[in-house]
Chemist: 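Take this structure first; my questions come after.
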Amino acid sequence: MARQERAIRTRRTILEAAAAVFDERGYTSATIGEILDRAGVTKGALYFHFGSKEELAVGVFEEQLAIALPPQSSKLQELVDSGLVLARRLRSEPLVRASVGLALDQGAMDLDRTPAFRMWIDQNVQMLAEAKAQGELLPHVDVAETAELLVGSFSGVQLLSQLRCQRQDLERRIVVMFEHFLPGIAVPAVLARLDISVERAELVLAQAQAQAQAQAQAQGRVPGHGQVPGQGQVPGQSQMPGQGQGPEQGRVQEGAVPTQVSSGA
């Protein structure tokens, strides 16, 4: 358990360093060497978790969604919560800012940025499909089209907020977006019960933090400061790289230097 937690912390340190370098230098100009210097880890430790610079970028993408929020009886409320919390995290978490910055970096010609949007759209499709199954959506609503429209709207709103005021008003702008967006898809009785307020993100994050602490106590460990469920792990995965595999199949042991790897990848 201690080894696994140490590996999770190392992975997080590498991602935070990569996010900072990507944010400062851009994906194309950033090098593995710069990321190693910023993270203060060995080349072997980095390549234990990430096989290339592109894998690092995908890891940064995944941090945008790597958070487990408290479940709600209304799936549309969960959709609202995810949007408001993402807006809050964009203002407060450099790793999340870097994720969005990478996804929108048109200069990163050698980086496939579609996974970032695909993961985000898929998450919204799932919540909207569950909302439709519960009778929360109007009959005409197409789940896939609505998910793409929501992701596109959020992307544009956050970009405008960044340009206007460094995202200082982002949560309020996302509230306005939902106030215009939701009446076109939600059943009126459901819409009337939704909490679409600027303060909602703070409440949900506090609930998530309490949930993380309860889980940590139940498992006999202490979560990192400010950590919420899912942070530091790849979404949908609890297994560490190489775990449960033979030595030929798993990644190189953490701390060992692999052969034939370019430091400028």
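All residue numbers refer to positions in the sequence shown, counting from 1. Not measured: the values here are computed from a predicted model.
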Chemist: Using the side chain to side chain contact (heavy atoms under 4.5 Å, CB included) definition, which of the options Leu76, Val175, Val176, Ile174 pairs with Ile196?
Modeler: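 Of all the options given, the one that passes is Val175.
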Chemist: Do the side chains of Leu160 and Arg173 get nearer than 4.5 Å, heavy atoms only?
Modeler: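 Sidechains of Leu160 and Arg173: in contact.
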Chemist: Could you check if a side-chain atom of Trp120 sits within less than 4.5 angstrom of a side-chain atom of Leu86, using non-hydrogen atoms only?
Modeler: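 Of all side-chain heavy-atom pairs linking Leu86 with Trp120, at least one is under 4.5 Å.
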Chemist: When rounded to the nearest 0.5 angstrom, what is the spacing between CD in Glu145 and CD1 in Ile185?
Modeler: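 Separation between the atoms: 12.5 Å.
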Chemist: Assess the residue pair Gln123 and Ser82 against the criterion (side-chain hydrogen bond (donor to acceptor under 3.5 Å, both in side chains)); give the C-alpha distance rounded to whole Å, side-chain angles, the decisive distance to 0.1 Å, and a yes or no.
Modeler: CA-CA 10 Å; Gln123 183 190 64; Ser82 69; 4.7 Å; no
Chemist: Applying ring-ring contact (aromatic ring centres under 6.0 Å, His included), which residue pairs with at least one partner in residues 62-115 are found, sequence neighbours left out?
Modeler: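 Matches after skipping sequence neighbours: none remain.
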Chemist: May I have the list of side-chain donor-acceptor pairs in residues 23-30 shorter than 3.5 Å, sequence neighbours left out?
Modeler:
{"from": "Glu24", "atom 1": "OE1", "to": "Arg38", "atom 2": "NH2", "distance (Å)": "2.8"}
{"from": "Glu24", "atom 1": "OE2", "to": "Arg38", "atom 2": "NH1", "distance (Å)": "3.2"}
{"from": "Arg25", "atom 1": "NE", "to": "Glu34", "atom 2": "OE1", "distance (Å)": "3.4"}
{"from": "Arg25", "atom 1": "NE", "to": "Glu34", "atom 2": "OE2", "distance (Å)": "2.9"}
{"from": "Arg25", "atom 1": "NH2", "to": "Ser29", "atom 2": "O", "distance (Å)": "3.1"}
{"from": "Arg25", "atom 1": "NH2", "to": "Glu34", "atom 2": "OE2", "distance (Å)": "3.4"}
{"from": "Tyr27", "atom 1": "OH", "to": "Glu54", "atom 2": "N", "distance (Å)": "3.4"}
{"from": "Thr28", "atom 1": "OG1", "to": "Gly107", "atom 2": "O", "distance (Å)": "3.3"}

Chemist: Closest approach of Pro70 and Gln207, non-hydrogen atoms and distance?
Modeler: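 Where Pro70 meets Gln207 most closely, the heavy atoms are CG-CB, 3.6 Å.
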Chemist: Please give me the minimum heavy-atom distance between Val85 and Leu205, naming the atom from each residue.
Modeler: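 The answer is CG1-CD2, 3.7 Å.
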Chemist: Let me confirm one number: the CZ-CZ distance from Arg11 to Arg9, rounded to the nearest 0.5 Å.
Modeler: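 The CZ atom of Arg11 sits 14.5 Å away from the CZ atom of Arg9.
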Chemist: Say you draw a straight line from NZ of Lys75 to CD of Glu130; how long is it, rounded to the nearest 0.5 Å?
Modeler: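 One finds 4.5 Å between NZ of Lys75 and CD of Glu130.
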Chemist: Can you find a pair of side-chain heavy atoms, one from Thr31 and one from Val21, that are under 4.5 Å apart?
Modeler: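 Result no, sub-4.5 Å side-chain heavy-atom pair not found.
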Chemist: Give me the atom names and distance for the closest heavy-atom approach of Val60 to Leu95.
Modeler: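 Smallest interatomic distance, heavy atoms only, reads CG1-O, 4.0 Å.
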Chemist: How close do Arg172 and Val198 get, counting heavy atoms only, and between which atoms?
Modeler: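 The answer is CA-CG2, 3.9 Å.
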Chemist: To the closest 0.5 Å, what do you measure between CZ (Phe22) and CG (Asp105)?
Modeler: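 Phe22 CZ to Asp105 CG: 10.0 Å, rounded to 0.5 Å.
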Chemist: So if you build clusters from Ile, Leu, Val, Met, Phe, Trp, Tyr with side-chain heavy-atom gaps below 4.5 Å, do Leu203 and Leu90 land together?
Modeler: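 Leu203 and Leu90: separate clusters.
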Chemist: Is there a salt bridge (Lys or Arg N to Asp or Glu O under 4.0 Å) between Glu16 and Arg12? Walk through the geometry before answering.
Modeler: CA-CA 6 Å; Glu16 289 175 348; Arg12 181 77 179 182; 3.3 Å; yes
Chemist: Would Glu136 and Gln134 count as a side-chain hydrogen bond (donor to acceptor under 3.5 Å, both in side chains) if you check the C-alpha gap in whole Å, the side-chain angles of each, and the deciding distance to 0.1 Å?
Modeler: CA-CA 6 Å; Glu136 297 183 40; Gln134 291 185 179; 2.6 Å; yes
Chemist: In chain order, what residues pass the salt bridge (charged side-chain N to carboxylate O under 4.0 Å, His left out) check against Lys132, with sequence neighbours excluded?
Modeler: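 By the salt bridge (charged side-chain N to carboxylate O under 4.0 Å, His left out) rule, Lys132 matches no residue at all.
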Chemist: Please report, to 0.1 Å, the donor-acceptor pairs under 3.5 Å made by any side chain of residues 146-158, with sequence neighbours excluded.
Modeler:
{"from": "Thr146", "atom 1": "OG1", "to": "Asp142", "atom 2": "O", "distance (Å)": "2.7"}
{"from": "Ser153", "atom 1": "OG", "to": "Leu149", "atom 2": "O", "distance (Å)": "2.7"}
{"from": "Ser155", "atom 1": "OG", "to": "Val151", "atom 2": "O", "distance (Å)": "2.8"}
{"from": "Gln158", "atom 1": "OE1", "to": "Arg167", "atom 2": "NE", "distance (Å)": "2.9"}
{"from": "Gln158", "atom 1": "OE1", "to": "Arg167", "atom 2": "NH2", "distance (Å)": "2.8"}
{"from": "Gln158", "atom 1": "NE2", "to": "Ser155", "atom 2": "O", "distance (Å)": "3.3"}

Chemist: Any donor-acceptor pair under 3.5 Å linking the side chain of Glu171 with the backbone of Leu84?
Modeler: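 No, because the side chain of Glu171 does not come within donor-acceptor range (under 3.5 Å) of the backbone of Leu84.
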Chemist: State, to 0.1 Å, how close Ala39 and Thr13 come at their nearest heavy-atom pair, and which atoms those are.
Modeler: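 Residues Ala39 and Thr13, closest heavy atoms: O-CG2, 3.6 Å.
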Chemist: If Ile, Leu, Val, Met, Phe, Trp and Tyr residues are connected whenever their side-chain heavy atoms lie under 4.5 Å apart, and connections chain through other members, are Leu138 and Leu191 in the same group?
Modeler: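 Linked, Leu138 and Leu191 end up in one cluster.
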Chemist: Does Asp112 have any salt bridge (charged side-chain N to carboxylate O under 4.0 Å, His left out) partners at least two apart in sequence or in another chain, and if so, which?
Modeler: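 Here no residue qualifies.
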Chemist: If you take all heavy atoms of Val141 and Gly184, which pair is closest and at what distance?
Modeler: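 In terms of heavy atoms, the two residues are closest at CG2-O, 4.3 Å.
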Chemist: Is it true that Arg200 and Asp81 make a salt bridge, defined as a side-chain N closer than 4.0 Å to a carboxylate O?
Modeler: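 The answer is yes: the pair qualifies as a salt bridge.
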Chemist: Which pairs, with at least one residue in residues 160-202 and sequence neighbours excluded, count as a ring-ring contact (aromatic ring centres under 6.0 Å, His included)?
Modeler: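 Residue pairs passing ring-ring contact (aromatic ring centres under 6.0 Å, His included), neighbours aside: none found.
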Chemist: Taking the side chain as everything from C-beta on, heavy atoms only, tell me whether Leu46 gets closer than 4.5 Å to Thr42.
Modeler: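 No, every pair of side-chain atoms sits at 4.5 Å or beyond.
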